[in-house]
Amino acid sequence: MSTRPYHAAIFGATSAICIETLRAMAREKTTKLLLIGRHPGRLESVANDLRSRGAECTTLVADFLDPKTNWLQILTDNAQSDPWDLLLIAHGSLPDQDTTLRDPESLAAELHINFTSPAVIAAACAQILVKQNHGTLAVFGSVAGDRGRGSNFIYGSAKAGIDTFLAGMRHQFSQHRKIKIVTLKPGMTDTPMTSHLPKGPLFSSAEAVGTQSWRAIQSAPPVAYLPGWWKFIMTLIRILPSSLLHRTKL
Amino acid sequence: MTATKTFHSWGKLRPATAKLLAPAWIPNDLPGTGPFLAYGLGRSYGDSCLLDGGTMIETRFLDRIQHFDPQTGILRAESGITLAAILRFCVPKGWFLPTTPGTSQITLGGAIANDVHGKNHHSAGCFGNHVRMLDLLRSDGSRHTLRPGDPMLAATIGGLGLTGLITSAEIQLVPIRSAHLDVELTRFCGLDEFMEISASSSETWEHTVAWIDCVASGNSLGRGIFIRGKWSDRGDLSTHRTARLTAPFEMPGFTLNRFTVQAFNTLYYRRFLGKTKTLHQHYAPFFYPLDGVNEWNRIYGKPGFYQYQCVTPTAAGTEPMKQILTKIAASGQASFLAVLKTFGDVPSPGMLSFPQPGITLALDFPQRDPATRDLFLQLDEIVRACHGRLYPAKDARMNARDFSQTYPQLESFKSFLDTKFSSDFWKRMTSATTPS
Ligand SMILES: Cc1cc2nc3c(=O)[nH]c(=O)nc-3n(C[C@H](O)[C@H](O)[C@H](O)COP(=O)(O)OP(=O)(O)OC[C@H]3O[C@@H](n4cnc5c(N)ncnc54)[C@H](O)[C@@H]3O)c2cc1C
Ligand SMILES: NC(=O)c1ccc[n+]([C@@H]2O[C@H](COP(=O)([O-])OP(=O)(O)OC[C@H]3O[C@@H](n4cnc5c(N)ncnc54)[C@H](OP(=O)(O)O)[C@@H]3O)[C@@H](O)[C@H]2O)c1
């Protein structure tokens with residue numbers, strides 16, 4: 001057994017669920033984290049919080065929408081001296097459906113940040129893991145990707161896309177037993193992303209979802225619903241006949 | 001995208017509808033024209049944390065630790081971090097909050113803005129006594145780093161959120177060897193016996209409080225249990241668990257009545273035989289007995305409830321508090337959980353801090369107006385006559401004149417107000433017509 005710290009890089013490290021995931025991780029393990037995001041100040045405040053909790057952190061400012069970017073080289077270089085145990089992709093954006101549908105430019109941008117960007121990053125990360133023949137790639141999808149619904153199908157379809165993308169990669173790399181690819185599917189979670197929504201009983205706290213994300217990253221099932229009972233709810237929603245679904249406002 | 005949201009305080013009496021700001025990061029300025037008010041977790045009972053028609057700034061996403069020094073126990077954090085989260089962080093490292101109210105479900109900013117007090121007030125003073133520094137953002141975009149000695153700090157501690165948005169604060173934690181306390185429960189009957197035990201405990205017991213039965217009359221009038229504790233050397237540094245139970249819905253009004261309350265209180269009083277009982281207790285049941293059940297305030301049902309918390313000064317002796325207890329018992333309106341405590345003489349740091357040396361009583365009342373307010377008017381008279389005062393954090397109905405006359409530093413405080421901040425409480429205290 002090595003005493004090497006758990007080595008992880010996180011895209012979208014300023015997300016509330018992700019911060020709780022990293023706090024849960026830092027409670028249990030000695031960690032060495034590379035926090036990646038677009039705002040240096042925010043990254044630094046997350047890093048300070050995690051440092052007080054014992055994590056060793058560095059931060060990296062990157063543009064997730066630009067494929068010709070700095071992070072790939074840095075991740076690849078790092079892997080040579082210290083292989084990655086985890087590459088985690090957490091960024092996402094929940095747009096206002098109606099206004100976004102009427103504005104092609106922001107529609108494209110939303111699809112980009114919720115699908116293209118995580119897919120491009122995931123593909124590159126998978127290559128790094130294959131090369132080291134070790135590690136877990138975990139990406140935040142959403143229960144919203146399980147069925148197209150009138151209220152949020154821009155976000156939902158992008159999340160469905162990343163879900164399918166990851167499922168395909170799992171297939172492609174199924175021979176690589178030491179590499180795990182996990183889709184994390186939170187249900188509705190009380191974070192800044194949903195601060196404007198009224199909170200019903202289906203909402204979970206970021207702390208609960210983050211802690212369970214960390215559990216899921218360790219046990220590495222192909223798909224993890226967070227909390228687990230969302231699997232049951234989404235099964236029902238998936239099998240609901242369209243004739244019934246269309247009568248609801250879901 | 002500006003959303004509006006309905007906000008409640010803990011007593012659920014009058015909700016407020018306000019524009020919502022829920023910053024995920026410490027803001028550089030406050031967008032919009034206001035008026036503004038910060039909202040922590042809404043654990044204030046009355047309307048001091050509400051601003052109907054204004055812009056309310058939810059702080060709970062501002063929950064990051066900025067710095068912790070494990071050698072000195074100095075912690076700096078964003079203002080929306082909860083006391084529960086601070087404890088989960090610091091207890092395993094052997095540190096605890098310098099003082100804590102009866103719930104851990106409050107924010108650091110809320111603890112400062114109400115300058116909350118705890119069971120160790122007689123030795124530790126208020127929460128604000130342990131604030132080493134805080135950052136304040138005002139509506140004009142100016143930022144102020146305040147340290148003890150700065151009058152704007154004295155205005156902000158206990159300042160009811162009216163001096164601006166506290167964005168982060170630095171507090172001094174205290175060392176503990178175990179997460180457990182050695183606790184002694186003693187039955188008493190009557191205020192005189194309470195005062196005796198209180199006086200004999202203050203030197204040797206760091207934490208003291210009493211539960212008093214405000215329903216029993218006749219021979220049982222003023223019966224109660226005195227609870228005192230000190231940090232133990234035995235036991236581990238384990239943290240509390242998160243609550244598993246949630247009160248399922250608003251209970252119908254009839255579940256809380258004279259008979260159920262009396263039965264509960266009798267059971268509570270008789271929970272051990274003999275005069276005293278000693279316990280080795282984890283900090284969670286000792287400090288936060290109610291935190292095990294989420295949203296327990298729902299047991300009061302739709303009408304909501306009041307808490308009446310007053311302090312009667314030491315100089316007035318025990319007579320006023322006796323009159324208050326007698327009046328409450330005779331009214332038959334009180335609910336369980338009356339808490340009695342003596343405040344010590346550590347000077348309160350805030351211009352509007354509530355604690356002053358004396359006896360404080362805090363007690364819930366289901367809202368059954370006009371009867372409930374009528375009773376409060378009678379209690380107010382006793383408090384007024386002895387130069388005591390009421391706690392704004394718990395208040396939904398005090399008289400503006402009483403407020404201005406019993407908080408002597410109110411005028412100096414006003415010069416530190418952020419003119420674009422307000423609250424329903426403040427509007428009530430400053431409007432020309434004063435409903436009682
Ligand atoms: C079960 C229970 C037991 C309690 N026991 C005690 C006790 O023993 N002692 C005691 O003193 N109190 C006690 N309280 C009251 C409670 O501790 C206070 O009301 C506390 O201030 C609530 O904090 P909060 O974070 O919920 O703030 P809120 O109630 O949301 O707000 C309280 C005030 O703080 C202001 N505020 C909040 N955050 C900020 C910020 N970042 N910047 C500026 N202003 C801000 C608000 O504007 C408001 O004026 C108890 C409450 C409950 C429910
Ligand atoms: N909250 C929910 O109910 C819920 C439910 C299901 C799934 N999820 C998913 O879980 C993940 C975390 O969500 P959360 O609720 O924790 O979110 P959050 O706190 O709102 O954080 C969103 C994250 O996405 C980043 N981001 C957004 N747009 C970006 C852009 N254009 N470029 C770069 N970064 C961008 C943000 O970075 P900045 O800090 O720089 O803005 C931030 O790190 C997301 O993938 C989300 O879709 C959330």
Side-chain angles (χ1 to χ4, degrees), chain A residues 12-20 22-24 26-28 35 37-55 57 91 93-100 106 189-201 203-212 227, chain B residues 1-8 17 19-28 39 41 56-70 73-78 80-82 84-86 88-93 95 105 167-168 173 239 241-244 246-249 294-295:
Chain A
T14 53
S15 108
I17 296 177
C18 188
I19 294 171
E20 292 294 352
L22 301 178
R23 284 173 177 169
R27 259 198 299 277
E28 291 177 8
L35 309 177
R38 57 176 163 174
H39 286 111
R42 295 179 185 179
L43 286 170
E44 208 40 49
S45 53
V46 175
N48 283 335
D49 181 90
L50 295 167
R51 281 177 192 132
S52 341
R53 295 167 201 272
C57 298
H91 56 285
S93 153
L94 179 65
D96 180 65
Q97 170 101 355
D98 290 341
T99 49
T100 309
S106 41
T189 311
D190 182 9
T191 73
M193 182 177 276
T194 55
S195 65
H196 57 291
L197 301 175
K199 302 291 171 308
F203 268 86
S204 304
S205 69
E207 188 183 353
V209 173
T211 308
Q212 293 174 36
Chain B
M1 193 166 31
T2 39
T4 55
K5 179 169 167 175
T6 303
F7 291 86
H8 290 275
T17 305
K19 283 198 202 114
L20 169 70
L21 288 179
W25 307 95
I26 292 176
N28 289 324
Y39 182 86
L41 286 176
M56 289 180 53
I57 312 163
E58 270 191 6
T59 61
R60 65 207 176 89
F61 296 127
L62 305 175
D63 72 342
R64 277 145 309 239
I65 292 172
Q66 298 172 320
H67 187 71
F68 177 67
D69 183 340
I74 293 170
L75 173 85
R76 195 172 70 226
E78 296 174 358
I81 192 171
T82 63
I86 293 179
R88 231 173 281 128
F89 171 77
C90 69
V91 167
K93 301 177 167 51
W95 295 95
Q105 296 303 318
T167 54
S168 59
L173 302 177
T239 59
R241 296 213 206 135
T242 39
R244 276 153 199 272
T246 296
F249 47 79
N294 285 320
E295 301 188 61

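Numbers restart at 1 for each chain; the letters A, B, ... are given by sequence-line order, proteins then strands.
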Chain A contact via E58(B) - which portion, at a heavy-atom distance below 4.5 Å: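 Neither part.
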Can you tell which part of [X] gets under 4.5 Å to a heavy atom of chain B, answering side chain, backbone, both or neither?
X       : answer
T99(A)  : neither
I19(A)  : side chain
E207(A) : side chain

Listed partners of F89(B) passing ring-ring contact (aromatic ring centres under 6.0 Å, His included), at least two apart: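 ring-ring contact (aromatic ring centres under 6.0 Å, His included) check on F89(B) returns F68(B).
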Cationic N near anionic O, under 4.0 Å, R51(A) to E44(A):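 Salt bridge present between R51(A) and E44(A).
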Heavy-atom pairs under 4.5 Å with chain B, option from P201(A), S195(A), S52(A) with the top count: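 Going by pairs under 4.5 Å, I would pick S52(A).
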Flag side-chain contact, heavy atom, 4.5 Å: L43(A) against T14(A):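 In short, these two side chains touch, coming nearer than 4.5 Å.
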Salt bridge (charged side-chain N to carboxylate O under 4.0 Å, His left out) partners of R23(A), counting only residues at least two apart: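 Partners of R23(A) under the salt bridge (charged side-chain N to carboxylate O under 4.0 Å, His left out) test: E20(A), D49(A), D63(B).
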Side-chain donor/acceptor of S15(A) to backbone N/O of C18(A), under 3.5 Å: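 Checking the backbone N and O of C18(A) against the side chain of S15(A), a donor-acceptor pair under 3.5 Å is found.
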